[in-house]
Every structure is written in structure tokens, then in C-alpha cells.
Amino acid sequence: LETRVTRLDLEKTGKTFAANLHLEFYLLESDGRSVMAVWEKQGSRELEQRSLNLFAQAVSSLFTEALHEYSEELIRTLAEE
């Protein structure tokens, strides 16, 4: 599994802040060259205040949720085959 982070930033809109994360997961064949499946996920999480700790927590949560969703989808797809 190869993971690419295509967007990771802190967005300010008015008085609010949000963590943004855009990921791409690539499921590779065992040779490491051929891509079997690609899955993208984009997420945003509003922060209570501007804080590096809250930003890191939000990004970690977004990444974990995306990986969990991809894993579930992959399991369903493999079960159907």
C-alpha cells in the first residue's frame, strides 16, 4: 500500500480554523510497480482554536478514518471476487 498526501494545510475562514487532508491510497501488486486499485479521500475538521496540537490531532484522526474506510471497502471488494 502506497500513500500520498496531496494536501495538508490549516485553513482560516473568518474566525474559524480547519485542518484539511487529501490522501490517495495505491494498492500495489507484489512487484511494486503495478497498481491494482486507487482510492482517494478528502476531509476537513474544524478546530476549536488555532493550535498545533489540535491540528495534529485532527490530521491524525482524518488519516485513521480514511485508512479504516479504505480497508473496509477493500475487504468488501475482495469478498465479492
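Quick note: numbers below take in every heavy atom, side chains included, and nothing from hydrogens, waters or symmetry partners.
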So, taking the atom named CG in Leu8 and the one named CZ in Phe55, what distance separates them when rounded to the nearest 0.5 Å? 4.5 Å
Is the CD atom of Gln42 crowded by more than 12 outside heavy atoms at less than 6.0 Å? yes
Yes or no on side chain to side chain contact (heavy atoms under 4.5 Å, CB included) for Val35 and Leu27, after CA distance, side-chain angles and deciding distance? CA-CA 6 Å; Val35 177; Leu27 183 61; over 6 Å; no
Does Phe17 reach the side chain of Leu54, with side-chain heavy atoms less than 4.5 Å apart? no
Keeping the roles fixed (side chain from Thr77, backbone from Glu73), state whether a donor-acceptor pair exists under 3.5 Å. yes
For the side chain of Ser71 and the backbone of Leu67, is there at least one donor-acceptor N/O pair under 3.5 Å apart? yes
Separation of Leu74 CG from Phe25 CZ (nearest 0.5 Å): 11.0 Å
Scanning both residues in full, the closest heavy-atom pair of Ala19 with Leu62 reads O-CD1, 3.9 Å
Quick one: CD on Glu40 to OH on Tyr26, what's the gap to the nearest 0.5 Å? 6.5 Å
Taking every heavy atom of Ser44 against every heavy atom of Asn20, the minimum-distance pair comes out as OG-OD1, 2.9 Å
Determine whether more than 12 heavy atoms belonging to other residues, nucleotides or ligands lie under 6.0 Å from atom CD of Glu48. no
Let me confirm one number: the CD-CG distance from Glu65 to Leu23, rounded to the nearest 0.5 Å. 11.0 Å
Residues in side chain to side chain donor-acceptor pair (under 3.5 Å) with Lys41, at least two apart? Glu69
Are Leu28 and Val5 in one and the same hydrophobic cluster, where Ile, Leu, Val, Met, Phe, Trp and Tyr link if side-chain heavy atoms are under 4.5 Å apart? no
Rounded to the nearest 0.5 Å, what separates atom NZ in Lys15 from atom CZ in Arg50? 15.5 Å
Minimum heavy-atom separation for Leu47 and Ala58, please, with both atom names. CD2-CB, 3.7 Å
Determine, step by step, whether Leu1 and Tyr70 satisfy the side chain to side chain contact (heavy atoms under 4.5 Å, CB included) criterion, reporting the C-alpha distance in whole Å, the side-chain angles of both residues, the deciding distance to 0.1 Å, and the verdict. CA-CA 11 Å; Leu1 180 66; Tyr70 178 65; 3.7 Å; yes
Rounded to the nearest 0.5 Å, how far apart are CD of Glu46 and OG1 of Thr16? 5.0 Å
